[in-house]
Amino acid sequence: IDRGVGLVPYNDPNIGRGTSPDYNDEDLISNLEKFIAEMGKRYDKNPRVAYIEVGFLGHFGEWVTTDPNLMANDSTKDRVLNAVQKAFPNKKLLGPAGTTMPREPWMGYRDGQFPDSFGRTKEFLGAPDFWKKQPLGAQMISEAAGRLLSTEWEKTKTAFEELHPTYIGPYNPSMDDITDQDGYKAR
């Protein structure tokens, strides 16, 4: 930023005010590629790291912006994906499902509005046994957790049974209710 990366202010009623960098700025992206490479040196072979969430671009690192014109172009997205794939050959990668991130067969995904968007996520993934090969995260929207874990519990449970997420959070349903449905066993 101190070297002149362009910044564009935004004000969105859903997420508030902020400043978005020019995601296509060469200096920003080349430094991001170096940062990703250094992360790979440190964490790629760390046995405590199960997978790497690919963020870096868009608001909150979720590959979306309030104004589509603020988002990185395809070339920049490819550079970031290539940098992450190169830096983490020994880790599973996880990206936001149903955003501007392209669908890649070697990548796992995270549903950022679980279970409200599970139909879209299911369509995006395209394979009912996706969870057997790649990680799948399920992020519950905090404002919706109350209804999703009470009055709409059946919807949540059905989505969990069909998607088999690797994890669900940050608001977790009772593991007793879902342990037989996920792809892993809680111990």
Side-chain angles (χ1 to χ4, degrees), residues 1 5-36 39 50-88 91-127 130-131 134-145 147-148 152 155-156 159-160 162-163 165-171:
I1 292 172
V5 172
L7 299 173
V8 180
Y10 63 85
N11 185 4
D12 183 277
N14 296 314
I15 64 170
R17 296 175 196 250
T19 306
S20 185
D22 174 1
Y23 290 109
N24 300 311
D25 181 275
E26 179 56 36
D27 195 36
L28 175 69
I29 297 306
S30 63
N31 279 293
L32 182 56
E33 289 170 322
K34 291 174 193 170
F35 174 73
I36 292 168
M39 282 181 56
Y51 55 85
I52 301 297
E53 283 212 36
V54 180
F56 307 112
L57 299 176
H59 299 326
F60 315 113
E62 294 190 343
W63 289 58
V64 293
T65 55
T66 55
D67 176 349
N69 295 319
L70 298 176
M71 191 55 205
N73 63 32
D74 289 345
S75 173
T76 297
K77 292 175 193 175
D78 288 344
R79 285 178 66 182
V80 170
L81 286 175
N82 290 336
V84 174
Q85 200 174 17
K86 182 178 177 183
F88 295 98
K91 295 293 179 208
K92 295 285 188 177
L93 303 176
L94 189 73
T99 64
T100 65
M101 180 175 279
R103 171 74 178 89
E104 299 288 355
W106 46 264
M107 183 171 301
Y109 290 92
R110 175 182 47 79
D111 181 339
Q113 296 181 338
F114 182 84
D116 287 344
S117 62
F118 102 92
R120 264 191 337 262
T121 299
K122 213 164 99 172
E123 185 179 321
F124 175 78
L125 297 175
F130 176 88
W131 61 276
Q134 300 297 343
L136 179 62
Q139 177 185 341
M140 227 176 244
I141 301 170
S142 58
E143 307 85 60
R147 78 175 156 79
L148 294 170
E152 295 185 30
K155 173 184 180 176
T156 301
F160 199 91
E162 290 190 32
L163 289 179
T166 307
Y167 72 87
I168 184 170
Y171 298 92

Where is the tightest heavy-atom contact between [X] and [Y], given as atom of each residue plus distance?
X      : Y      : result
Pro165 : Gly137 : CB-C, 4.5 Å
Trp63  : Val54  : NE1-O, 3.7 Å
Leu93  : Pro135 : O-CG, 4.2 Å
Leu7   : Pro21  : CD2-CA, 3.8 Å

So, Asn82 versus Asp78: side-chain donor-acceptor pair below 3.5 Å or not?
no

So, Asp111 versus Thr121: side-chain donor-acceptor pair below 3.5 Å or not?
yes

Kindly compute the distance separating [atom1] ([X]) from [atom2] ([Y]), expressed to the nearest 0.5 Å.
X      : Y      : atom1 : atom2 : answer
Glu162 : Lys122 : CD    : NZ    : 3.5 Å
Lys155 : Leu148 : NZ    : CG    : 6.0 Å
Ile29  : Phe56  : CD1   : CZ    : 10.5 Å
Gln139 : Ser117 : CD    : OG    : 10.0 Å
Met71  : Ser20  : CE    : OG    : 8.5 Å
Leu70  : Thr65  : CG    : OG1   : 5.0 Å

Within the 4.5 Å heavy-atom criterion, are [X] and [Y] side-chain neighbours or not?
X      : Y      : answer
Met140 : Gln113 : no
Arg79  : Ser30  : yes
Trp106 : Lys92  : no
Thr19  : Val8   : no

Non-neighbouring partners of Ala83 that pass side chain to side chain contact (heavy atoms under 4.5 Å, CB included), sequence neighbours left out
Glu33, Ile36

What pairs with Asn24 under side chain to side chain contact (heavy atoms under 4.5 Å, CB included), at least two apart in sequence or on another chain?
Asp22, Ala72, Asn73, Thr76

The criterion is ring pair (Phe, Tyr, Trp, His ring centres under 6.0 Å); which residues satisfy it with Tyr109, sequence neighbours excluded?
Phe124

Ring pair (Phe, Tyr, Trp, His ring centres under 6.0 Å) involving Tyr10 - partner list, sequence neighbours excluded:
His59

According to side chain to side chain donor-acceptor pair (under 3.5 Å), who are the partners of Glu53, at least two apart in sequence or on a separate chain?
Arg110, Tyr167

Sorted by chain and number, sequence neighbours left out, salt bridge (charged side-chain N to carboxylate O under 4.0 Å, His left out) with Glu104 holds for none

Steps toward side chain to side chain contact (heavy atoms under 4.5 Å, CB included) verdict (Leu136, Leu163):
CA-CA 8 Å; Leu136 179 62; Leu163 289 179; 3.8 Å; yes

Side chain to side chain contact (heavy atoms under 4.5 Å, CB included) assessment of Phe160 paired with Phe114
CA-CA 9 Å; Phe160 199 91; Phe114 182 84; 4.2 Å; yes

Are any of the side-chain nitrogens in Arg147 or Asp116 under 4.0 Å away from the carboxylate oxygens of its partner?
yes

